[in-house]
Student: 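First the structure, which I've put down as structure tokens, then a few questions once you've had a look.
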Amino acid sequence: MNMINPFEEGKVILVNKPLHWTSADVVKKIRNRVNAKVGHAGTLDPLATGLLILCTGKFTKKINEFMSQEKEYTGTFTLGSTTVSFDRETEPENHKDFSWVDDAALKKVSRQFTGEIMQTPPVYSAIKKNGLRSYDLARQGIAVALDARKVNIRLFDLVMEQPPQVVFRAICSTGTYIRSLANDVGQALGCGAYLSSLCRTRIGRYVLEDAIDPESAEIKFRTDN
């Protein structure tokens with residue numbers, strides 16, 4: 001008698017993506033262990049950590065539902081320079097003085113990016129341009145122009161921790177690029193900034209505290225779906 005694979009029937013697995021892993025790495029790791037179809041609900045860059053929702057089996061049809069939910073992030077921006085990728089993937093350049101920036105200046109600038117705003121995605125992104133991934137074109141040195149899109153930042157806190165590091169917390173709609181937010185904050189301040197660390201702590205009602213390490217011996221899945 002064949003045993004029913006519960007993962008083929010459909011489960012939600014919450015994973016804490018490690019630094020330097022791609023989202024595809026996590027999917028592959030879990031797929032090999034549950035012996036079922038697996039997909040993720042929203043990419044995290046290799047230099048980001050945090051909550052990744054995986055859907056297995058029949059629940060892969062629910063991926064778009066999870067992707068559309070509100071996201072929460074924490075991390076750091078580095079002031080005083082910019083990078084082409086808006087994060088640590090490329091080398092800092094355009095160094096400028098940032099010594100005058102304080103918590104008052106950060107609070108003022110955060111208000112500019114709270115609420116409904118127009119945001120231009122980074123060229124180092126998975127968005128397709130003429131059928132090709134934008135990041136592939138950018139890494140070949142090909143100029144890419146991406147259209148601005150409307151996003152909603154429900155909460156955006158900035159606090160100077162230890163210069164040049166600024167700690168942030170953001171609650172935002174799907175489609176928001178935190179790397180672009182870092183770059184835009186730097187432009188608004190006039191000193192430049194890039195994303196130096198990023199952790200996704202929540203997607204909808206799912207939180208990082210409930211996530212497992214992908215190397216964990218035990219795979220826990222949600223049953224409240």
Side-chain angles (χ1 to χ4, degrees), residues 17 19-24 26 40-53 63-64 66-79 81-94 106 109-130 132-139 142-158 165-189 191-204 208:
K17 189 193 81 65
L19 187 66
H20 300 307
W21 284 49
T22 67
S23 299
V26 176
H40 67 76
T43 301
L44 276 175
D45 293 330
L47 293 178
T49 62
L51 182 60
L52 194 67
I53 294 180
I63 283 177
N64 288 339
F66 290 111
M67 290 182 66
S68 66
Q69 296 181 29
E70 182 178 75
K71 315 293 193 302
E72 183 170 346
Y73 298 91
T74 60
T76 57
F77 298 163
T78 297
L79 299 177
S81 54
T82 61
T83 72
V84 176
S85 60
F86 298 172
D87 64 5
R88 293 187 295 114
E89 182 178 343
T90 53
E91 290 298 314
E93 57 186 13
N94 303 319
L106 292 174
V109 77
S110 70
R111 289 197 291 264
Q112 297 180 37
F113 298 99
T114 302
E116 197 171 82
I117 65 171
M118 295 299 294
Q119 183 186 74
T120 302
V123 293
Y124 278 67
S125 65
I127 294 173
K128 286 190 176 182
K129 191 74 174 180
N130 299 324
L132 299 173
R133 297 291 185 186
S134 179
Y135 56 66
D136 287 332
L137 297 172
R139 287 167 183 152
I142 299 173
V144 181
L146 299 177
D147 296 329
R149 54 181 62 184
K150 189 180 295 183
V151 299
N152 192 287
I153 315 292
R154 184 163 69 83
L155 180 145
F156 187 35
D157 289 334
L158 294 170
Q165 300 297 318
V166 172
V167 174
F168 75 87
R169 175 172 172 246
I171 299 176
C172 53
S173 64
T174 186
T176 303
Y177 281 89
I178 305 299
R179 283 180 289 147
S180 289
L181 199 54
N183 185 72
D184 292 343
V185 164
Q187 286 187 341
L189 289 170
C191 63
Y194 62 90
L195 180 65
S196 43
S197 69
L198 178 67
C199 179
R200 185 159 64 196
T201 58
R202 181 174 64 84
I203 301 175
L208 179 59

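These numbers were taken from a predicted model, which means no experiment stands behind them.
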Student: If you compare all heavy atoms of Ala182 against all heavy atoms of Ala193, which two are closest, and at what distance to 0.1 Å?
Tutor: O-CB, 3.5 Å
Student: Donor-acceptor pair, distance only, cut-off 3.5 Å: does the side chain of Arg200 make one with the backbone of Leu51?
Tutor: yes
Student: Under 3.5 Å, side chain of Lys17 to main-chain N/O of Ser23, donor-acceptor pair present?
Tutor: no
Student: Can you name the nearest heavy-atom pair linking Gly192 to Thr82, along with the distance?
Tutor: CA-CG2, 3.8 Å
Student: For Ser110 versus Thr114, what's the shortest heavy-atom pair and its separation?
Tutor: O-OG1, 2.8 Å
Student: Do Phe168 and Val185 touch side chain to side chain, with heavy atoms closer than 4.5 Å?
Tutor: no
Student: Within the 4.5 Å heavy-atom criterion, are Leu195 and Phe86 side-chain neighbours or not?
Tutor: no
Student: Looking at side-chain heavy atoms only, is the closest gap between Cys172 and Ile178 below 4.5 Å?
Tutor: yes
Student: Mind listing the closest non-hydrogen atom pair of Cys199 and Gly50 along with its distance?
Tutor: SG-CA, 3.9 Å
Student: Going by atom types only, do Glu70 and Ser173 share a side-chain donor-acceptor pair under 3.5 Å?
Tutor: no
Student: Determine whether a donor-acceptor pair (N or O, by modelled atom type, separation under 3.5 Å) exists between the side chain of Asp45 and the backbone of Leu47.
Tutor: no
Student: Is it the case that the side chain of Thr201 and the backbone of Leu208 share a donor-acceptor pair, with hydrogens and angles ignored and the cut-off at 3.5 Å?
Tutor: no
Student: Minimum heavy-atom separation for Tyr177 and Gln119, please, with both atom names.
Tutor: N-OE1, 2.8 Å
Student: Keeping the roles fixed (side chain from Thr174, backbone from Met67), state whether a donor-acceptor pair exists under 3.5 Å.
Tutor: yes
Student: Is there a side-chain contact between Thr43 and Thr22 (heavy atoms, below 4.5 Å)?
Tutor: no
Student: So, using side chain to side chain donor-acceptor pair (under 3.5 Å) as the criterion, who are the partners of Arg169 when residues are at least two apart?
Tutor: Glu72
Student: For the backbone of Val151 and the side chain of Thr176, can you confirm whether one donor and one acceptor N or O come within less than 3.5 Å of each other?
Tutor: no
Student: Between atom OH of Tyr194 and atom OG1 of Thr78, what is the distance when rounded to the nearest 0.5 Å?
Tutor: 4.0 Å
Student: Are any side-chain N or O atoms of Thr83 and backbone N or O atoms of Arg88, one a donor and one an acceptor, separated by less than 3.5 Å?
Tutor: no
Student: So, does Ser196 use its side chain to make a donor-acceptor pair with the main chain of Thr76 at under 3.5 Å?
Tutor: yes
Student: To check you understand the geometry: which heavy-atom pair defines the closest contact between Ile203 and Phe66, and what is its length?
Tutor: CG2-O, 3.7 Å
